[in-house]
Number of protein chains: 2
Amino acid sequence: MARLSMRDVAARAQVSIGTVSNVVNNPDIVLPATREKVQQAIADLGWVPNQQAQQLRAGRGRTIGLAVMDVTNPFFADLLRAAQDVLFAHGFHATIGDANIDEARQTAILRTFLQQRVRGVILGPIGPQPLEVAALAKAHIPTVLVDRAADSVECCAVGVDDVAGGRIAVEHLVSQGHRRVAFVGGPSSLKQIQDRLEGAQAAALDGGADLLSISVPQLDFASGRLAADQVVLMDPRARPTGVFCANDLVAIAFLQGLTAQGLRVPDDIAIVGYDNIDFAAAAAVPLSSVAQPRQDLGRTAADLLLAEIADADADRDHVHTSVSFTPTLVVRASSALTR
Amino acid sequence: MARLSMRDVAARAQVSIGTVSNVVNNPDIVLPATREKVQQAIADLGWVPNQQAQQLRAGRGRTIGLAVMDVTNPFFADLLRAAQDVLFAHGFHATIGDANIDEARQTAILRTFLQQRVRGVILGPIGPQPLEVAALAKAHIPTVLVDRAADSVECCAVGVDDVAGGRIAVEHLVSQGHRRVAFVGGPSSLKQIQDRLEGAQAAALDGGADLLSISVPQLDFASGRLAADQVVLMDPRARPTGVFCANDLVAIAFLQGLTAQGLRVPDDIAIVGYDNIDFAAAAAVPLSSVAQPRQDLGRTAADLLLAEIADADADRDHVHTSVSFTPTLVVRASSALTR
DNA sequence: CTGAAAGCGCTTACAG
DNA sequence: CTGAAAGCGCTTACAG
């Protein structure tokens, strides 16, 4: 059985292919009798229009590319979910690219989106703003950056103020009496990491506390365990008593590593995470965490994108907007004063 | 600035478009001098080939569709990750569709894959085998079912023996002395749920224990809390002392709900989850869980798909294979005997 | 080695 | 209302 085309449908319904196209795209314009004949043929054959050909001819499709650093991180998964719901409600399809915390992979994903001529892109980027963003702009593909402010006015962006987030995390630890504080995060090529660290340092300075920076390769479980091993080996008199982890994945694994090796949380070491994923509240010791409004991030990103697409469709000018949410601290047992 | 096409590149390099096509696809066949001229023009213009046109003409692309029930569940996220790594290594692109535990959405995703004429599909289906699977087969799009045995010999499949999984979970609880056991899971339209329950019932019967089935709407946090509220209200003398949750998300939220309302785990109620996601070990009380080899599932699914694609390319016959992994139980504190 | 031409499966004016 | 024809951006034999 050969591949089906519109031609096959036309032949079976004994009409021209233009008519088949019309029953697909402008059903009202064709006589009911003809329409039914064609619809019957479509059903009999099980034909599905070839989107590639449609888009090639029509010039634009309805697929939106979502590129994200790490689908494995519940923060991104939830953000994606929220964005998708909005897009889907507006008749767009979402195609997700998972960069696996790998810049090369991210580049490949963006190139694919470009080649696929997607109608728009939502990007939660790794590292510095990728060069491909310029290419997308050049190709007239609306792009919105998520979880990160735009480096330029090249596109819309939605993010949270990570400097403020780092600040409230460490301010909290300092207010609990901690004077030896540590930041666990990495890689430092991530803007998010730089900002959170910057806020943490400012808060430590203001509070008269020392801030030790423990660098880890990635924001995942393995890194959290690594950091725990490192901290456990430190001289208790020099060891930090309050630790701010750059995300909850790291914080949860760090907490687990600590308790597995006999340290108590928060008595020996208090911990604050970042993202406030659902698992934070369910951790071995319920985890304090800086909450980002991830659903809002996802929804807003989708809204901004749809607005830009609408402007493009209407041939209107578009002004790029950048919205920034403010994170909030959720305090739980992992950093509550117990002494 | 209008959209760029190969024609623009050809004009700038002063060659024919056929030659541009050749430097893209068969660089060795064109004179180095010409090649460089063309590559320069491509770079100058920032042109990227239109994949739609390429595929339309060439007849087949290199994009694989991955449709999954719920990207928010770490089990699926990890499975996807493993599958993607294999596909990527073989030069394929993965596009992920997230069904959001919604059958209508799943149908939309599969239709989109069909219209996009993806080269293959990996599907972790919701509910019964969707009708679209037949449509994919008809369109000669290789499809492999994941986390589920095939209903027929229509396609390759890879899954785990969920009946065995349910059985070992409850056998363990029974062996710990529990005689009032409960199963928490749903919706019962999911084959996975039916199988796990079936295994649980068999084990309860064999062990002389009662099995209460607590039905919840979905396999997520909210459902776990719901179930906890329900169990807390039961008469302690009738209340189950051992609970098997259909996945770890439910189990973790259930555990959290129980402890928040004053019940102790495992002393009052022992818990066993399913999937053994990374968070299981980090739960408030480290969670016993039935482990599915999710990386192997993802990898194997990708391998089976690539094999089928290779067979199709070589015009060879393909015999569909169905591989089934056996789950194993990981015992942690949530079900360890402490009395 | 390079160019001219046909065609992939559609949509879109334009006749009739 | 329906059909015939051109063309979207490419690839692929086929001449030259």
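Just so we're on the same page: letters track the sequence lines, and every chain starts at 1. These numbers were taken from a predicted model, which means no experiment stands behind them.
- When the options A:L87, A:V121, A:V71, A:L305 are evaluated for a side chain to side chain contact (heavy atoms under 4.5 Å, CB included) with A:L66, the one that passes is A:L87.
- The nearest whole Å value for the distance from the CD atom in B:Q55 to the P atom in D:dC10 is 13 Å.
- Contact annotation: B:S21 reaches the phosphate of D:dT11 (side-chain N/O to OP1 or OP2, under 4.0 Å).
- Contact between the side-chain N/O atoms of A:N25 and the OP1/OP2 oxygens of C:dT11 is found at a separation under 4.0 Å.
- Looking at B:E308, its side chain never comes within 3.5 Å of a backbone N or O of B:H318 through a donor-acceptor pair.
- One can place CZ of A:R60 at 14 Å from C1' of D:dC8, the figure rounded to the nearest angstrom.
- Of the two residues contacting DNA chain C, namely B:R57 and B:I29, the nearest-nucleotide position lying further toward the 5' end is that of B:I29.
- Between B:I17 and A:I17, the residue anchored nearer the 5' end of DNA chain D, judged by the nucleotide with its closest heavy atom, is A:I17.
- Nucleotide D:dT2 forms a Watson-Crick or G-U wobble pair with C:dA15, both donor-acceptor distances falling under 3.5 Å.
- Side-chain contact check for A:K37 versus A:V15: some heavy-atom pair is nearer than 4.5 Å.
- For the pair B:N26 CG and D:dC10 P, the computed distance is 16 Å after rounding to whole Å.
- Between B:Q14 atom CD and C:dA4 atom P the separation is 14 Å, expressed in whole Å.
- Contacts of B:V20 with the nucleic acid, taken as non-hydrogen atoms under 4.0 Å apart, are absent.
- One can place CD of A:Q51 at 16 Å from C1' of C:dC8, the figure rounded to the nearest angstrom.
- Looking at heavy-atom distances under 4.0 Å, A:V15 makes contact with sugar-phosphate atoms alone, never a base.
- Annotation: B:R111, atom CZ; neighbour count of heavy atoms from other residues, nucleotides and ligands within 6.0 Å does not exceed 12.
- B:L56 comes within contact range of at least one nucleobase, with a heavy-atom separation under 4.0 Å.
- Among the nucleotides C:dC10, D:dT2, D:dT11, the one closest to the side chain of A:S5 is C:dC10.
- For C:dT2, one of the phosphate oxygens OP1 or OP2 lies less than 4.0 angstrom from a side-chain nitrogen or oxygen of B:T34.
- Closest to the side chain of B:V30, from the set D:dC10, C:dG9, C:dT2, is C:dT2.
- For D:dG3, one of the phosphate oxygens OP1 or OP2 lies less than 4.0 angstrom from a side-chain nitrogen or oxygen of A:T19.
- Distances from the side chain of B:R7 to the nucleotides D:dC8, D:dT2, D:dT11 place D:dC8 closest.
- Only one option out of A:T300, A:L80, A:L79, A:L304 pairs with A:V146 in a side chain to side chain contact (heavy atoms under 4.5 Å, CB included); it is A:L79.
- Considering A:V133, A:V144, A:L136 as possible partners of A:C155, the one that fulfils the side chain to side chain contact (heavy atoms under 4.5 Å, CB included) test is A:V133.
- Nucleotide C:dC1 holds its P atom 11 Å from the CG atom of B:N22, rounded to whole Å.
- Whole-Å rounding puts the B:Q54 CD to D:dT11 C1' distance at 9 Å.
- For the pair A:E36 CD and D:dT2 P, the computed distance is 12 Å after rounding to whole Å.
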